[in-house]
Amino acid sequence: MLEIDNLTHVYGPGSPNEHRAIDGLKLSVAEGELLCIVGPSGCGKSTLLRSIAGLITPTGGEIRVEGKLVRQTPDNLAVVFQDYSRSLFPWMSVADNVALPLRRRDMDKRARREAAQEALESVGLLGAAEKYPFQLSGGMQQRVAIARALAYRPTLMLMDEPFGSVDAQTREDLEDLVLKVRGHHRMTIVLITHDIDESVYVGDRVVVLSKAPSHVVGDLRVDLPGPRDQITTREHPDFVRLRAEVGRLVRGVDVATPA
Amino acid sequence: MLEIDNLTHVYGPGSPNEHRAIDGLKLSVAEGELLCIVGPSGCGKSTLLRSIAGLITPTGGEIRVEGKLVRQTPDNLAVVFQDYSRSLFPWMSVADNVALPLRRRDMDKRARREAAQEALESVGLLGAAEKYPFQLSGGMQQRVAIARALAYRPTLMLMDEPFGSVDAQTREDLEDLVLKVRGHHRMTIVLITHDIDESVYVGDRVVVLSKAPSHVVGDLRVDLPGPRDQITTREHPDFVRLRAEVGRLVRGVDVATPA
Amino acid sequence: TSGGGSNANGLEKTDLLIGQYPGADSAPLFIAIERGFFKEQGLNVKTEAIQAPQAVLPKLSNGSMDVVLGSYATILTIQSEGLEKFKYIADSYQGAAGAFGIMVRRDSPIKKVADLKGKKIGVNALKGLGVLTMNPHLKIAGLDPTPGKDIQYVEVPTTNWLTALQKGDVDAVWMTDPYVSEAKNKLGATMLVDTMSGPTESLPITGWAATEKWVAANPKTMGAFQRAMAKAQNIAATDRSAVTKILPTFTKIPAATAATINLGNYPTTLSAQRIQRVADLMVEYGFIKSKIDVAPMIVTSQG
Amino acid sequence: MIATLVRRLWLAPVLLACWELLARAQASPYLPAPTRIASWMYERWFSGPYVLTEEAVDNFVPSLVRVVGSWSVAVVAGVALGVAIGRMAWLSDYVDPLVEFGRAVPPPAMLPVFLVLFTMGTQVQVATIVFGVVWPILLNSIDGARNVDPLQLETAAVFGVPARLRLLRIILPSASPKIFAGLRLSVSLALILMVISELKGSTDGIGYLLSTASNNADMPGLWAGVVVLGVLGYALNSLFLMAERRVLTWHRGARRTA
Amino acid sequence: MTITATLAGRGRISPSRARLAKYLRHATGVAVFILAWELAGRTGLISWLPAASTSLARVAQLAADPAFLADLASTLTAAAVGLPLAVLVAVPVGLLLGTVPVVEEMTRAIVEFLRPIPSVALIPLAMFFFQPEINAKVALIVYAASWPILINTLYGVRDVDPVATETLRSFGFGPGAVIWRVSLPSAAPFIFTGVRLAASITLILAISVEYVVGGAGGIGAFLIQASTGIGADAMVDVIATLVWAGLVGLVVNTLLLRAERRLFRWRHA
Ligand SMILES: Nc1ncnc2c1ncn2[C@@H]1O[C@H](COP(=O)(O)OP(=O)(O)OP(=O)(O)O)[C@@H](O)[C@H]1O
Ligand SMILES: Nc1ncnc2c1ncn2[C@@H]1O[C@H](COP(=O)(O)OP(=O)(O)OP(=O)(O)O)[C@@H](O)[C@H]1O
Ligand SMILES: [Mg+2]
Ligand SMILES: [Mg+2]
């Protein structure tokens with residue numbers, strides 16, 4: 001589904017402010033897989049995501065989505081941006097924000113409206129459909145961004161810290177929502193998170209990135225038995241072990257690479 | 001230090017979109033205390049914070065800081081906004097962003113510069129001082145906002161999910177940094193977080209808010225022995241008990257108040 | 001403008017658009033309209049207020065305007081630049097004593113023409129009748145009238161003639177009546193020199209012009225126009241009150257002022273000889289580069 | 001470098017060529033060919049001892065002084081007033097109708113009034129240019145100052161940033177992209193008004209030359225003036241864009257399209 | 001400080017009273033101006049300046065003068081035709097130049113060459129090539145009124161938040177959709193400022209053309225007539241006509257502002 005080969009990105013190449021964000025990163029994601037990416041702040045996760053989405057042209061290496069080289073944004077892709085509040089359109093109501101991308105689908109106005117309502121309901125925001133983004137709290141805005149991506153039913157979904165601004169309870173609900181949707185519609189999902197527990201709970205695989213210039217320092221398959229459940233899964237000894245392992249990798253990175 | 005009495009805030013009163021965010025909230029924070037606030041997404045935490053900072057005039061009730069009724073922004077107050085990326089000034093370098101508020105203090109240019117450098121160093125961003133905000137990752141921007149508040153040395157610091165966008169390791173470092181700074185400079189801190197562990201680890205007290213219209217549903221004193229330490233404190237039985245209790249309160253709220 | 005309509009006299013066109021500057025010069029036109037002289041000739045005349053013929057030149061060239069009232073100086077300038085070829089089809093206005101002159105303030109140190117050396121004089125147009133008629137007088141007084149030498153000409157809108165003079169923005173203003181009388185009465189200004197005297201006595205001022213193309217295409221219409229105008233011109237020339245009565249109807253000159261206005265003359269025939277004086281003066285003072293023979297530009301009444 | 005120049009200037013020769021062809025085909029005196037205009041310009045203005053002839057120096061220099069001086073006055077007045085009105089709702093309530101009224105009054109027709117209010121010459125010219133030029137600066141400054149991101153202002157308020165700094169370091173920079181749009185409009189507008197201010201009551205300047213050419217029915221002369229204006233406008237605008245690039249580097253970065 | 005004050009103000013005072021206070025301030029501002037004008041005229045502080053009362057009386061008279069009203073209508077017609085045309089021309093071009101920097105760079109020289117050319121100087125050309133006269137007038141109006149819209153569109157588009165653009169692009173929308181759905185709405189308020197600037201320019205230009213060419217009526221032709229008066233009388237007429245131009249501009253602007261407030265409600269966050 002997604003192959004990243006020897007990806008390198010340098011910001012402002014040649015300028016005195018040159019910054020090598022990603023260096024020779026290799027990664028491949030199978031269809032229907034949910035890959036979690038963790039790594040220290042500023043290591044290049046968002047840069048990686050933007051490259052996959054075709055929003056920046058990496059200075060080196062190749063990215064292929066469904067075998068096709070990414071030059072522009074691949075089809076059927078959705079992104080939940082880290083900067084969710086700026087990615088909502090302030091001139092549209094919440095419902096319109098969610099419904100807008102559906103114009104690319106073969107849907108009439110009513111169908112779009114219904115799909116938007118459904119997605120909003122699934123993130124617990126049905127009541128806010130007619131409000132404008134500025135009338136929502138931070139966490140609610142973030143959920144609108146998630147709803148927009150979900151309603152779109154992409155085949156590849158990129159999520160950049162999508163649950164960073166919501167409370168613990170909602171976060172768990174949203175994690176389960178993503179798992180459910182993935183199961184139903186066979187999406188491939190790449191999810192960036194800082195929460196190690198979350199990465200293990202949600203992911204089929206967890207990839208740990210190093211400090212910038214980032215590359216892959218750990219790649220763990222998460223084989224947990226049965227459907228995930230917030231209580232039993234988190235108590236499972238495999239979960240505890242994996243979580244400790246990811247934690248070690250993340251920390252290890254920090255110790256190994258001096259500032 | 002901070003007294004909130006019967007605070008009520010209604011958005012768009014009288015309009016069809018009227019929304020009662022806070023309802024009769026009572027709270028007081030002692031000098032030098034670090035109060036954590038947890039509550040479901042959209043319950044009114046940010047609204048509360050803005051009211052304390054004098055940025056919105058609540059529709060009812062009173063807020064006093066150091067005995068004085070809040071009408072405008074109280075002196076010596078700093079805020080780390082939830083929407084950190086928009087609260088940075090894109091036309092100033094990172095160092096200038098941090099140094100700007102210091103012009104209020106009796107500091108010459110060099111002293112301001114040094115204070116800014118020091119604050120940036122403490123959040124691990126010394127190398128980014130001359131960059132512009134848009135050249136930073138989300139987590140780095142959030143740390144700049146924290147550095148700006150820290151450098152200002154306020155007597156009352158309000159933080160709205162200040163560690164939401166950084167990785168686990170950095171988050172722990174920042175938690176300890178806040179604890180250290182609080183100890184050195186006797187700040188009073190009100191910190192909003194969604195991480196229940198964090199609220200217990202960092203707070204002297206944890207206040208749990210209900211769903212909107214929000215009021216206080218739980219107010220726990222955190223009496224953990226000795227200085228906090230990321231490993232030993234989190235293993236302490238009291239910590240585990242408190243954390244469970246806060247968790248119960250947060251969840252309980254959800255069950256008690258139907259959507 | 002298209003012809004059309006009932007056309008008893010075999011006119012090429014019956015609807016005419018006439019450009020005119022609202023002032024005493026065009027009084028006969030309005031007398032002709034008021035008394036139905038054009039109707040008699042089967043003409044349907046519409047007028048348009050203009051500031052100067054240059055501005056409507058494109059309209060004359062492309063045929064959307066038929067006849068224009070223009071100062072001889074302006075029309076001859078255009079002619080000599082080759083922008084358009086004009087014919088004069090009727091005379092309109094001619095200088096007379098007392099109505100045109102250089103005005104100075106009551107307390108002005110300028111007592112004689114020679115005192116104007118190094119001074120600023122306000123005029124309505126830099127290459128207009130004012131400058132043309134002042135130059136010979138300046139020359140007689142021993143001054144070099146070439147712009148920038150002894151005299152500075154400054155363009156001042158007529159609205160500001162009196163204010164500019166009084167405020168001292170300029171040292172003198174070349175005026176026409178009724179401004180001359182107004183300046184005398186209101187400001188106590190005096191006329192330094194009458195520019196329609198001596199070498200410039202009775203100089204032709206304005207006339208009716210049409211393009212060569214138009215004249216060639218519309219000989220009958222032109223004849224009709226000339227006949228109507230001639231009748232009106234006769235009235236203006238003989239009955240002063242007809243002019244002073246019509247003035248307030250198409251200008252903002254109040255009736256009381258109009259009654260006492262100093263007027264120029266309304267010649268009843270087109271004379272190449274008279275107009276040649278203007279052309280010669282223009283060559284002499286560098287308004288145009290080469291000598292123009294005016295006679296071929298004159299089209300007198302046909303049929 | 002060369003590629004940039006080609007990219008920036010290629011259109012000029014192409015249009016000139018089209019104009020030349022059109023002019024020859026039309027043979028209308030109103031549209032003289034560029035070559036004819038160029039030779040006129042060379043003869044009258046650029047064949048002097050130091051390139052420029054006396055006529056050129058005597059008229060171009062005063063015009064430039066007028067336009068730059070008056071523009072500066074308009075910028076200071078427009079930005080100061082605009083930011084004040086944009087930030088202070090009550091002030092905007094007091095002056096809004098007057099501003100909107102003044103904006104719609106045609107500056108060329110205001111000339112007689114200015115001739116009454118001010119002394120003919122420099123005073124009237126400065127008044128005409130400033131009056132004509134100030135509106136886009138004012139309106140865009142109001143717009144920019146009014147729409148500063150509220151969160152940025154809240155940040156400033158919270159940190160007790162003093163009023164003076166708030167103006168200089170937050171409101172002005174945040175409004176600067178809009179202000180600069182207004183300034184850019186005003187640069188070329190200033191040239192236009194310079195001409196208008198020199199049509200009457202003036203004894204020198206490019207507008208004076210245009211007025212003479214028009215009086216003389218001298219079409220190549222008129223076009224020569226127009227060409228000089230265009231070239232001047234291009235030059236002034238290039239200077240302006242250079243300054244803008246310096247001031248707004250942050251903006252280009254922050255608004256990059258990656 | 002100002003910000004907290006206005007925020008607080010919004011919360012407490014009822015909307016209708018706030019509106020009344022606003023109109024009162026409008027009236028006060030206008031009254032102070034008229035008073036200053038009256039004093040300047042009456043005391044002879046500025047000689048030849050007709051006092052406000054005299055001028056305003058004439059303004060009122062003109063309202064009942066059919067000749068003037070016909071002229072006014074003719075000017076307004078030209079302006080009303082010209083403004084939408086200018087918007088139709090300038091907004092798409094501005095969007096194009098704003099979103100494709102290469103095109104902007106390639107056309108900059110010619111744009112910057114054309115902008116400072118006074119429309120007044122182009123009148124003969126327009127008169128010759130466009131007939132009848134109303135077309136020439138409209139062509140000149142479109143020419144002059146397009147610039148502020150164009151420049152404001154250009155700068156507005158450049159000020160669009162890139163995160164918003166990227167969001168739409170990431171959903172696979174093409175450049176056209178990005179322009180239509182993000183650049184345009186996001187820049188719209190600023191484009192609208194350009195339109196408001198252009199609106200007064202259309203009026204100014206219509207009047208200027210009429211004034212220079214004379215011609216088939218219009219406020220400009222009325223001004224030519226007015227300037228045949230003498231001294232203070234002419235001044236009163238000129239000023240009264242100018243006041244009318246200003247009043248018309250004021251009304252047009254108020255209408256545009258109303259529309260703006262409707263269109264961009266989301267902006268009052
Ligand atoms: N400007 C506004 N106009 C109308 N309603 C608003 C406005 N701002 C916030 N609200 C509403 O008030 C409620 C509380 O918002 P607030 O931002 O205080 O929540 P919060 O507790 O900070 O949530 P989160 O944890 O998601 O940030 C929300 O339901 C929101 O929709
Ligand atoms: N436009 C830019 N210009 C220059 N440098 C940039 C730019 N964008 C990002 N960077 C740099 O690239 C590095 C990686 O940024 P990126 O946003 O990918 O980090 P991240 O892994 O998403 O971090 P976080 O978890 O904090 O969001 C950072 O060091 C940042 O400073
Ligand atoms: Mg990131
Ligand atoms: Mg919040």
Side-chain angles (χ1 to χ4, degrees), chain A residues 46-47 49-56 65 70-94 96-105 130-136 141 144-145 148-160 190, chain E residues 3-4 6-7 10-11 15 91 95 98-102 152-153 155-195 257-269:
Chain A
S46 300
T47 306
L49 218 77
R50 278 165 193 273
S51 310
I52 300 174
L55 296 173
I56 52 179
V65 171
V70 172
R71 287 184 196 286
Q72 298 172 348
T73 305
D75 280 342
N76 295 319
L77 176 123
V79 183
V80 178
F81 285 91
Q82 185 173 17
D83 227 346
Y84 53 86
S85 89
R86 285 168 56 197
S87 100
L88 297 179
F89 305 117
W91 52 88
M92 291 183 192
S93 71
V94 165
D96 288 344
N97 260 289
V98 175
L100 176 65
L102 301 179
R103 288 173 177 266
R104 291 217 66 216
R105 305 268 178 251
E130 293 317 316
K131 294 195 175 184
Y132 283 91
F134 77 88
Q135 296 175 311
L136 302 188
Q141 291 179 4
V144 174
R148 178 167 63 185
L150 288 177
Y152 187 62
R153 297 268 154 83
T155 52
L156 175 59
M157 176 140 82
L158 309 176
M159 308 178 90
D160 199 347
V190 177
Chain E
I3 150 156
T4 44
T6 50
L7 284 173
R10 230 183 266 165
V91 171
L95 287 173
T99 40
V100 193
V102 184
N152 272 28
T153 307
Y155 279 70
V157 169
R158 283 194 192 150
D159 205 20
V160 175
D161 192 327
V163 179
T165 320
E166 287 184 351
T167 301
L168 209 66
R169 278 174 58 203
S170 75
F171 281 109
F173 284 85
V178 171
I179 290 176
W180 176 244
R181 302 203 176 274
V182 178
S183 304
L184 190 62
S186 158
F190 196 47
I191 297 176
F192 215 87
T193 304
V195 173
L257 273 180
R258 283 256 161 93
E260 184 175 348
R261 217 162 291 143
R262 282 244 157 135
L263 281 167
F264 310 133
R265 238 172 318 174
W266 53 271
R267 241 193 159 194
H268 300 274

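Sequence lines set the chain letters: A, B, ... in the order given, protein chains first and strands last, and positions in each chain run from 1.
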### Task
Taking all non-hydrogen atoms of both residues into account, name the closest pair between Thr167(E) and Ser87(A) and its distance.
OG1-CB, 3.1 Å

### Message
Tell me whether Arg86(A) contacts the main-chain N or O of Asp161(E) through its side chain, where contact means a donor paired with an acceptor under 3.5 Å.
### Response
no

### Task
Taking the side chain as every heavy atom from C-beta outward, state whether Phe171(E) and Pro154(A) have any pair of such atoms under 4.5 Å apart.
no

### Region of Leu88(A) in contact with chain E, defined by heavy-atom distances below 4.5 Å
neither

### Summary
Rounded to the nearest 0.5 angstrom, the OG-CZ distance for Ser186(E) and Phe89(A) is 9.5 Å

### Task
Taking all non-hydrogen atoms of both residues into account, name the closest pair between Arg181(E) and Met92(A) and its distance.
O-CE, 4.4 Å

#### Entry: Nearest heavy-atom neighbours spanning Phe173(E) and Arg104(A)
CZ-CG, 3.4 Å

### Message
Using 0.5 Å steps for rounding, measure from the CG atom of Leu49(A) to the OG atom of Ser170(E).
### Response
9.5 Å

### Message
When you compare the side chain of Trp91(A) with that of Val182(E), does any pair of heavy atoms fall below 4.5 Å?
### Response
yes

### Task
Determine yes or no for a side-chain-to-main-chain donor-acceptor pair under 3.5 angstrom, with Thr73(A) supplying the side chain and Arg169(E) the backbone.
yes

### Task
Examine whether an atom of Asp83(A) lies under 4.5 Å from a heavy atom of chain E, and if so say whether it belongs to the side chain, the backbone or both; otherwise answer neither.
both

